[in-house]
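We use all heavy atoms of the structure for the numbers below, so side chains are in, but hydrogens, waters and symmetry mates are not.
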Amino acid sequence: MPTDEIVLEAIDICKQFPGVRANDHVNLSLHKGEILALLGENGAGKSTLMNIIYGLYHADSGAIKVKGREVTFVSPREAIHSGIGMVHQHFQLIPVMSVADNVVLGEEVTRGVLLDQTEAARRVRELSQQYNLAVEPGAIIEELPVGMQQRVEIIKALYRDAEILILDEPTAVLTPQEVEDLFKIMRDLSDRGVSIIFITHKLKEVLAVAHRIVVMRGGQVVGSALPAESTPESLAALMVGREVLLRVHKEAARPKDVVLEVANLSAHDDRQHPALRKVSFEVRSGEVLGVAGVQGNGQTELVEVLTGLRHGDSGQVRINGKDLTNASPRAVTSASCGHVPEDRQRFGLVGDYTVSENLVLNSYFEPPYAAPPSWRTLPLVAVLFAVPAIAIFAALAALWGEIQRLVVWPLVLSLFGITDVEAASRDAMKGPYLIELVETVVVALVLGYVAARLAFWLVNWVSKRGPAAGQTPRAGLVFNHTAVDAHASGLVAEYDIRTPSVETPGGSLSGGNQQKLVVAREFGRRPRLLIAAQPTRGIDVGSIEFIHQQIVAQRDAGAAVLLVSAELDEIMALSDRIVVMYKGEIVATVDAGAVTREQLGLLMAGAHAEDVLRSRPAASAA
Amino acid sequence: MLSTVMVEAAARSRRTIWMTLIGVVLAVVAAFAAATAVGPETVVAVINASIRGAIPIALGAMSGIFSERSGVVNIGIEGMMLMAAYVGFMINVGLSYGSVPAALQAEPVRLGLSIAGGVLVGGLMGLLHALLTVRFRVDHIISGTVINTLALGLTGYLYLPGATTGGRLPPAVTSPLTPDAGLFYWVGEIVLEKGLITYLTVLLIIVFTIALFRTAWGLRTRAIGEHPRAADTLGINVHRLQYLNLFFSGCVAGLGGVFLTLEAVGTFERGMTNGRGFIALAVMIFGKWHPLGAAAGALLFGFATALQGQLQFFNIKIPHQFVGMLPYLLTVIVLAGFVGRARPPAHSGKPYDVE
């Protein structure tokens, strides 16, 4: 519970990055035992402020006071010693080491020169009991679920006697259940006098757990509020600077023909455990099918099998009536399927490529992006063609030489009754030169023609690999930058991708803009089938609103949409029908209008569909 | 779920222990069988040759573990060994001149200084690698190649043909047993009668294993090789630790080098490390970046070398070139069979920037 004592104060902090004023006269105070939510969109300056407080950055001006005493931190080391702990958005844990090793690293418990691992484990267990952070000291980090890893991060801070805890976007990676657990932990810590700064852009979470809310926008503190006096709408408006539609407006679905048909699909995960067990469903044109489920119940594998990124063991996938079971990603793409992958950094875009290159990752091999050679690029193409042509010619010539030596000459000579080929060829050297010359020229011409045809066919085949014959018009060999950039400029405007230019590397955009880039690429082709996995994970409210509208727009334009999301609200808001996955199986298929949030939560936790849905009247009444 | 994880981990380590025990028993049985077939002299000769071949490889692998566990790929082990081998030898040559005071010429002083000099030069080469990779962010492979080329060129240029020394390291312990003692005599021939560096290596392997997995230094070293940012956020000075460990790495490689010129062979030749630094890297991977695993791998390689030497004495109708391939063939097979399953330190070979 918050008290009057102020433990941390940031006074008039300014921080300038090249081109950006990340913190502009920011003031912030934190009371003992308080959970302070720092709310703001990506790029609002929340993380910069926290990194200054944690000693990772240095403020250009302003002061920081811990318990009334002014401090200057040169590195996190001093911040740690002043009782500040930070749980980074990307966990700073060593995956192959045990919980205890990760906790004590840098502040080891030793007996003589040796580590005292029993004592370390005891202290970790003590801390975990004291703060209700159940975790096994001997467990290896990478074998723990994400929520558990986060507890280790918190224990790490507490082990260093942190009284002020900074949690940077702690819920971004958690399942709904884990989020609940985290909030319980946060309240517990607050009751014990630990002060928490909770950085987030999720409105409901702020209202659920914070004692006080500070909103940042464009590097400034634009307001503060108490949860009791706020609504998601009021906070969103403060955060974005304009009214935001938190609810998606959509008409009733008008489903037509079946676009995606999945029958009895089974697959294994990376660890060779069964991940999908005889999954069957269909998605029709003009509807959104939501896949709900706690992460790790086969949704990832389902999307991977559908998009050709994972090999299914059995079952069938049909897109537009065409059997595409275990087809290549290219084949799935050319069957008019758009895919927004759940991990945009790894599968969504190539960080080092420019925005315009990223926008043609699924179509660079089609005209007009792949063009026939122009005069400027002709030399390059000539070389490309000449290399295989010469190689094939050399191989054929060698082959012909061997055939001549072993077959032709013995045959010809035997007609004349000559058996000693060696002697004959020696004689032939002295023979009529003209005949030999003519023979050579004829053979060279024939072989040259064959080699040229083969090389031409080979180059064409390589450059057109992928789409089935007849599906795309003749592709060229050369990347047409003009067309690619024009295409990119169009999409950047249409999808409101905030980028300095289309030449900017995709990886340097903010998370929300990276996601808009992926969405623009996949949606821009007006696909018949759209597979969107976690389309709004870790991005700001403004971008979420935009992407949700786009998904509904695609549906209304006749696309079949398969939406996989760990956010129950997103599933509820966008889906027309919902399937619930649990342990690799579809445990329920329901109409989105006929199910409550609580019922979905129970189904996701493995409750039996009959039990949950039978009690529907009671649940919806409550 | 947690407890299953623990049980699995415990079962894994138990399985490793059992596998090792079974391996040792099999080796002993095989040795006895071989002894009845070809006589104990041959068997003991093969075992001793195995150990002799294994020592520099084991030290090279240890050097690799030091640096890779700290996040720096070190293909310069070969060069570090060669340089140390040369320097150690030349100090020995220099101190063996007649004009040098007798006190310095005395065996312990002369050889002690030679070893120390070689090891120190190895350490300096390690620091050079650290300077290039950590400070100047040179690609680790390029930097390692620089070190190898430097060592090969420098030692080749400065090489003095026909240089003589006052002798190499004698056995540190002489066996008091006579052939009458039977089995014990042969065991003595294996366990005793070895030079100082051999015993030092065995000690080093044990100490290094404990240090890496049971001390704060080891924990931090493993941490910076896996996830330097995590270590950095906890106030560990990543770069300083990398400098320190690369110095160690070079020293250990240097010890492997001086083993060749001061204990095993006694003279220096151009390029005499003969790829041992690279085989050591293979052995390190085979041993999964664990000192004991690497030691076992080094013994295996040493055994292949010894067997190859011994087979050439027997009148087997295989061209000796093929027999000579044996150790290298083994390296290829071992790597092809094991490297897929081994998992290197996650951040090895990548530069780390402090924010």
Find the one option among A:M86, A:R77, A:E107 whose heavy-atom pairs under 4.5 Å with chain B are most numerous. A:R77

Pair count under 4.5 Å, heavy atoms only, with chain B: among A:V113, A:I80, A:V96, highest is A:V96

Applying a heavy-atom distance below 4.5 Å, give me the residues of residues 200-214 of chain B that approach chain A, sorted by number. B:I210, B:F213, B:R214

Is A:R122 atom CZ crowded by more than 12 heavy atoms from other residues, nucleotides or ligands, each under 6.0 Å away? yes

Report, by ascending residue number, the residues of residues 158-166 of chain A in heavy-atom contact with chain B at a distance under 4.5 Å; give 'none' if the set is empty. A:R160

Give a yes or no on whether B:D139 atom CG has more than 12 heavy-atom contacts from other residues, nucleotides or ligands under 6.0 Å away. yes

Region of A:H90 that comes under 4.5 Å of a non-hydrogen atom in chain B: neither

Has the side chain of B:R220 got a donor or acceptor atom that lies under 3.5 Å from a matching backbone atom of A:L105? no

Within the 4.5 Å heavy-atom criterion, are B:L219 and A:M97 side-chain neighbours or not? yes

Sub-4.5 Å side-chain heavy-atom contact between A:I94 and B:R222: no

Between B:T233 and A:P76, what is the shortest heavy-atom contact and its length? O-CB, 3.9 Å

Atom pair CD (A:Q92) and NE2 (B:H227), whose distance is rounded to the nearest 0.5 Å: 4.5 Å

Tell me, for A:E78 versus chain B, whether the close heavy atoms (under 4.5 Å) come from the side chain, the backbone, both or neither. neither

Per-residue tally against chain A (heavy atom, under 4.5 Å) across B:A223, B:P345, B:A346 peaks at B:A223

Which atoms of A:Y54 are under 4.5 Å from chain B, going by heavy atoms: the side chain, the backbone, both sets, or neither? side chain

